[in-house]
Chemist: 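Just dropping this structure here.
Throughout, a chain's letter reflects where its sequence line sits, starting with A, and its residues are numbered from 1.
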Amino acid sequence: MTTPYKFAHDAFAAALQQTYSFLTDGEESGQSVRVAGRIILLRRQGKLAFATMRDSSGEIQLFALNGVAENFEEFSKLHLGDWVGVAGEVVRTKRGELSVKVASWERLAEALHNFGDKWAGIADFDLRYRHREADLWANETTRRSLQRRSEMVRSVRERCWAAGFMEVETPILNAIPTGAVARPFVTHFNALDSDFYLRIAPELWLKRLVVGGFERVFEVGRVFRNEGVSPRHNPEFTMLELYAAYWNYEDMMSFTEELVAGVAMDVLGTTEFEYQGRQLSLTTPWARRSMAELTSEALGDDLSVHTPRAVLVELLLERGVEVHASWGPGRCLAELFEVSCEPSLWDAIFVTEYPVEVSPLSRRHPRDPELTERFESYAATRELSNGFSELNDPVDQRSRFEEQARLGAAGDDEAMRIDEDYIKALEWGLPPTAGLGVGMDRLAMLIADEANIREVIAFPTLKPLRD
RNA sequence: GCGCCGGUAGCUCAAUUGGCAGAGCAUUUGACUCUUAAUCAACAGGUUCCGGGUUCAAGUCCCGGCCGGCGCACCA
């Protein structure tokens with residue numbers, strides 16, 4: 001069956017509801033409009049038919065009268081899910097529903113499959129994630145969450161541009177996976193007969209652009225990590241990474257809190273909102289507490305990166321954490337922080353002064369060379385961002401990479417590898433620079449009030465069906 | 001990867017102790033000139049996720065597999 005190749009429409013449901021709010025019950029406006037959308041409900045009553053149509057803006061009723069609407073019989077037999085284009089007068093029915101009184105209409109596409117229960121929608125996760133198109137049609141919350149994500153990304157971009165950052169793109173196919181601590185996906189480049197890795201972070205490329213003289217750069221892009229899936233992890237996810245020359249990590253914390261709070265304002269109109277039934281505050285300024293401080297507080301002990309390793313190990317073992325032989329005091333402190341503090345960090349907060357041992361790309365803290373000028377922000381018990389003053393000393397960077405390589409040799413398959421090109425870039429001179437990474441999916445979860453990361457990803461990674 | 005839970009009509013869900021596999025919505029047919037998840041009547045709709053096993057008898061019990069949810073691990 002041939003369907004139309006186009007339909008010229010001049011009105012949207014939501015705007016019509018607004019514009020014609022003055023119409024009284026049974027009143028006709030005399031104005032004709034052309035609307036298009038999808039039939040989501042249909043009620044026939046003899047020589048009348050009422051359809052609820054949804055377009056991208058909202059919903060409006062279509063009112064068809066036998067003898068007035070062309071092809072009335074066919075109209076009354078439309079299927080739920082069919083796309084239609086309708087021309088007719090804007091009226092309000094006797095029972096008070098704003099409607100387009102159908103004069104002429106066309107079916108733009110036919111829905112051959114059912115789109116879920118018109119009351120209960122679609123509940124089956126497998127079906128919802130594998131056929132998001134049906135989920136979007138059937139479930140309001142899915143539409144809302146993905147819409148909010150889109151608004152969030154837009155807000156992030158606009159705020160970065162407004163702050164003088166230049167948007168750039170860096171390679172996804174990488175000969176060496178680096179810039180983060182994670183296992184990569186491997187692929188093969190036939191023409192070069194070489195294995196390549198999907199990037200685990202764009203970090204080093206972006207800093208090379210700063211070396212080259214682009215003083216403020218950012219990238220919103222997909223990164224890939226070959227790890228387990230969970231309600232908070234998708235193997236491909238979206239990161240905002242941003243670098244500013246001449247800033248240190250404190251400047252970057254200020255920028256981060258303004259950015260995140262600003263995004264919440266743009267999308268939700270507030271920085272105080274409910275997340276999963278509990279009030280959450282992103283209002284600035286955020287608390288800034290050091291990792292050692294928070295951990296000491298939680299455990300009632302005076303702990304730091306200088307606490308004897310044996311003491312930290314003992315505390316970890318008491319909490320059921322398996323301690324690896326390669327962990328130094330820095331790693332132990334970080335692990336201790338994670339188990340004892342993380343679950344209680346609810347309102348937005350910066351955790352600062354990370355051990356150098358777990359921060360191979362961060363600049364050492366001037367007051368303590370075992371610490372770095374690094375922060376992570378937390379909200380709703382989850383890590384939201386990671387930032388630091390960038391290590392710009394090529395000699396120190398090489399020794400950090402070498403330490404990582406030792407860990408790799410000792411069996412840590414997530415340890416960083418030596419990136420000679422990056423060291424050479426540093427030898428050309430990286431000005432004092434601060435960097436930031438924000439997990440956009442995690443932020444979207446907060447903004448959309450979703451507990452599962454898949455709800456804010458249009459097409460989450462699923463195992464392919466076999467059998 | 002490990003543990004717990006789940007998978008029944010297109011969708012949402014029932015099915016007692018192991019005893020004829022059901023309802024609502026959607027689809028099809030009919031009635032109805034102001035409906036709002038319209039209503040009413042009727043028809044049709046099944047590899048109970050897949051493969052084995054136990055049993056007179058399996059949606060239900062056992063074993064294996066597939067997919068998903070949650071937790072753990074890994075991480076952001």
Chemist: Using the aromatic ring of A:Trp119 (for Trp, its six-membered ring), decide whether it stacks on the base of B:A37 within the limits of 5.5 Å and 30°.
Modeler: yes
Chemist: Mind checking the NE2-SG spacing from A:His324 to A:Cys332? Nearest 0.5 Å is all I need.
Modeler: 10.5 Å
Chemist: For a quick check of understanding: with a heavy-atom distance under 4.0 Å over all strands, which category does A:Gly437 fall into, base, sugar-phosphate or nothing?
Modeler: nothing
Chemist: Choosing from B:U33, B:U36, B:G71, which nucleotide comes nearest the side chain of A:Pro231?
Modeler: B:G71
Chemist: For A:Phe125, report the nucleic acid contact type (base, sugar-phosphate, nothing); a contact means any heavy atom under 4.0 Å.
Modeler: sugar-phosphate
Chemist: Write down the partner of B:G18 under the Watson-Crick or G-U wobble criteria, each distance required to be under 3.5 Å.
Modeler: none
Chemist: Does the structure show a Watson-Crick or G-U wobble partner for B:C70, both distances under 3.5 Å? Name it, or say none.
Modeler: B:G3
Chemist: Toward the 5' end of RNA chain B, which comes first, A:Asn234 or A:Gly96, by nearest nucleotide?
Modeler: A:Gly96
Chemist: Dump the pairs, protein N or O against N or O of nucleotides 38-40 of chain B, anything under 3.5 Å, distances to one decimal.
Modeler:
from, atom 1, to, atom 2, distance (Å)
B:A38, OP1, A:Lys118, NZ, 2.5
B:A38, OP2, A:Arg43, NH1, 2.9
B:A38, N7, A:Arg44, O, 3.4
B:A38, N6, A:Arg44, O, 2.9

Chemist: To the nearest Å, give me how far apart NE2 (A:His324) and C1' (B:A73) are.
Modeler: 10 Å
Chemist: Answer with base, sugar-phosphate or nothing: what part of the nucleic acid does A:Arg454 contact at a heavy-atom distance below 4.0 Å?
Modeler: sugar-phosphate
Chemist: Can you tell me how far the CD atom of A:Glu151 sits from the CD atom of A:Gln147, to the nearest 0.5 Å?
Modeler: 6.0 Å
Chemist: For A:Leu65 and B:C32, give me the distance from atom CG to atom C1', rounded to whole Å.
Modeler: 14 Å
Chemist: A:Ala120 has a side chain; which of B:U12, B:G71, B:C34 sits nearest to it?
Modeler: B:U12
Chemist: Could you check whether the side chain of A:Asp117 and the base of B:G10 have a donor-acceptor pair of N or O atoms closer than 3.5 Å, going by distance alone?
Modeler: no
Chemist: Just wondering, do A:Tyr129 and B:G68 stack (centres under 5.5 Å, planes under 30°)?
Modeler: no
Chemist: For the P atoms, the ones on B:A26 and on B:G52, what distance do you get once it is rounded to whole angstrom?
Modeler: 38 Å
Chemist: With both distances under 3.5 Å as the test, what is the Watson-Crick or G-U wobble partner of B:G64?
Modeler: B:C50
Chemist: Output the rounded distance in Å from CZ (A:Arg54) to C1' (B:U36).
Modeler: 15 Å
Chemist: For A:Ser57 and A:Asp55: C-alpha separation, side-chain torsions, deciding distance, then whether side chain to side chain donor-acceptor pair (under 3.5 Å) applies.
Modeler: CA-CA 5 Å; A:Ser57 74; A:Asp55 65 18; 2.7 Å; yes
Chemist: Rounded to the nearest 0.5 Å, how far apart are CG of A:Leu384 and CG of A:Leu446?
Modeler: 6.0 Å
Chemist: For A:Val229 and for A:Ala180, find the nucleotide of RNA chain B with the closest heavy atom, then tell me which residue's nucleotide is more 5'.
Modeler: A:Val229
Chemist: Indicate, with a heavy-atom threshold strictly under 4.0 Å, whether A:Glu376 touches base, sugar-phosphate, or nothing.
Modeler: nothing
Chemist: Grab the CG-P distance between A:Asp126 and B:G6 for me, whole Å please.
Modeler: 17 Å
Chemist: Let me know which of A:Arg363, A:Glu353, A:Glu373 forms a side chain to side chain donor-acceptor pair (under 3.5 Å) with A:Tyr249.
Modeler: A:Glu353
Chemist: Would you indicate, yes or no, if B:C70 has its OP1 or OP2 atom less than 4.0 angstrom from a side-chain nitrogen or oxygen of A:Asn452?
Modeler: yes
Chemist: May I ask you to test the A:Val267-A:Phe273 pair for a side-chain heavy-atom distance under 4.5 Å?
Modeler: no
Chemist: Mind checking A:Ala182 for me? I need base, sugar-phosphate or nothing, with any heavy atom below 4.0 Å counting as a touch.
Modeler: nothing
Chemist: What does A:Asp135 touch in the nucleic acid at a heavy-atom separation under 4.0 angstrom: a base, only the sugar-phosphate, or nothing?
Modeler: nothing
Chemist: Would you please classify the geometry between the A:Phe337 ring and the A:Tyr354 ring as parallel, tilted or perpendicular, with 30° and 60° separating the classes?
Modeler: perpendicular
Chemist: By nearest atom, which of the nucleotides B:A76, B:C34, B:U27 is closest to the A:Leu80 side chain?
Modeler: B:U27
Chemist: For B:A38, give the paired nucleotide (Watson-Crick: N1-N3 plus N6-O4 or O6-N4; G-U: N1-O2 and O6-N3; both under 3.5 Å), or none.
Modeler: none
Chemist: To the nearest 0.5 Å, what is the distance between CD (A:Glu59) and OG1 (A:Thr52)?
Modeler: 6.5 Å
Chemist: For the P atoms, the ones on B:G1 and on B:C13, what distance do you get once it is rounded to whole angstrom?
Modeler: 28 Å
Chemist: Any chance you could measure A:Met252, atom CE, to A:Leu259, atom CG, to the nearest 0.5 Å?
Modeler: 10.0 Å
Chemist: Over all strands shown, is A:Arg130 touching base, sugar-phosphate only, or nothing at heavy-atom distances under 4.0 angstrom?
Modeler: sugar-phosphate
Chemist: Just call it for A:Asn386: base, sugar-phosphate, or nothing, with non-hydrogen atoms closer than 4.0 Å on any strand.
Modeler: nothing
Chemist: With a non-hydrogen cut-off below 4.0 angstrom, is A:Val438 in contact with a base, only sugar-phosphate, or nothing?
Modeler: nothing
Chemist: Flag the pair A:Phe255 / A:Phe165 as yes when their ring centroid distance falls below 6.0 Å, and as no otherwise.
Modeler: yes
Chemist: Answer with base, sugar-phosphate or nothing: what part of the nucleic acid does A:Lys47 contact at a heavy-atom distance below 4.0 Å?
Modeler: base
Chemist: If you measure from the C1' atom in B:U28 to the same atom in B:G64, how many Å do you get, rounded?
Modeler: 42 Å
Chemist: Determine the contact category for A:Glu97: base if any of its heavy atoms lies under 4.0 Å from a base atom, sugar-phosphate if only primed atoms, P, OP1 or OP2 are that close, otherwise nothing.
Modeler: base
Chemist: A:Pro460 near the nucleic acid: base, sugar-phosphate alone, or nothing, with a heavy-atom cut-off under 4.0 Å?
Modeler: nothing
Chemist: Mind calculating the distance between CG (A:Leu462) and P (B:G7) to the nearest angstrom?
Modeler: 19 Å
Chemist: Taking the six-membered ring of A:Phe125, is the NZ or CZ of A:Arg454 close enough (under 6.0 Å from the centre) and on axis enough (within 45°)?
Modeler: no
Chemist: Distance check, C1' atoms only: B:G7 and B:G59, in whole angstrom units.
Modeler: 11 Å
Chemist: To the nearest 0.5 Å, how far apart are CG in A:Asp441 and CE in A:Met152?
Modeler: 7.0 Å
Chemist: Given the P atoms of B:A23 and B:A41, what is the spacing between them in whole Å?
Modeler: 14 Å
Chemist: Rounded off to whole Å, could you give me the CD1-to-P distance for the A:Ile39 and B:A37 pair?
Modeler: 16 Å
Chemist: Between A:Glu73 (CD) and B:G30 (P), how many Å, whole number?
Modeler: 9 Å
Chemist: Go ahead and name the base partner of B:C43; Watson-Crick or wobble counts if both distances stay under 3.5 Å, otherwise write none.
Modeler: none
Chemist: A:His113 side chain N/O closer than 4.0 Å to the phosphate oxygens (OP1, OP2) of B:U27?
Modeler: no
Chemist: Provide, to the nearest angstrom, the distance between the CZ atom belonging to A:Arg232 and the C1' atom belonging to B:G69.
Modeler: 13 Å
Chemist: Using the C1' atom as the reference point in each nucleotide, state the distance between B:C2 and B:A44 in Å, no decimals.
Modeler: 46 Å
Chemist: Write down the distance separating the C1' atoms in B:C40 and B:A58, rounded off to the nearest Å.
Modeler: 39 Å
Chemist: In Watson-Crick or G-U wobble terms, both distances under 3.5 Å, what is the partner of B:C25?
Modeler: B:G10
Chemist: In whole Å, measure the gap between the C1' atoms of B:A73 and B:C62 for me.
Modeler: 30 Å
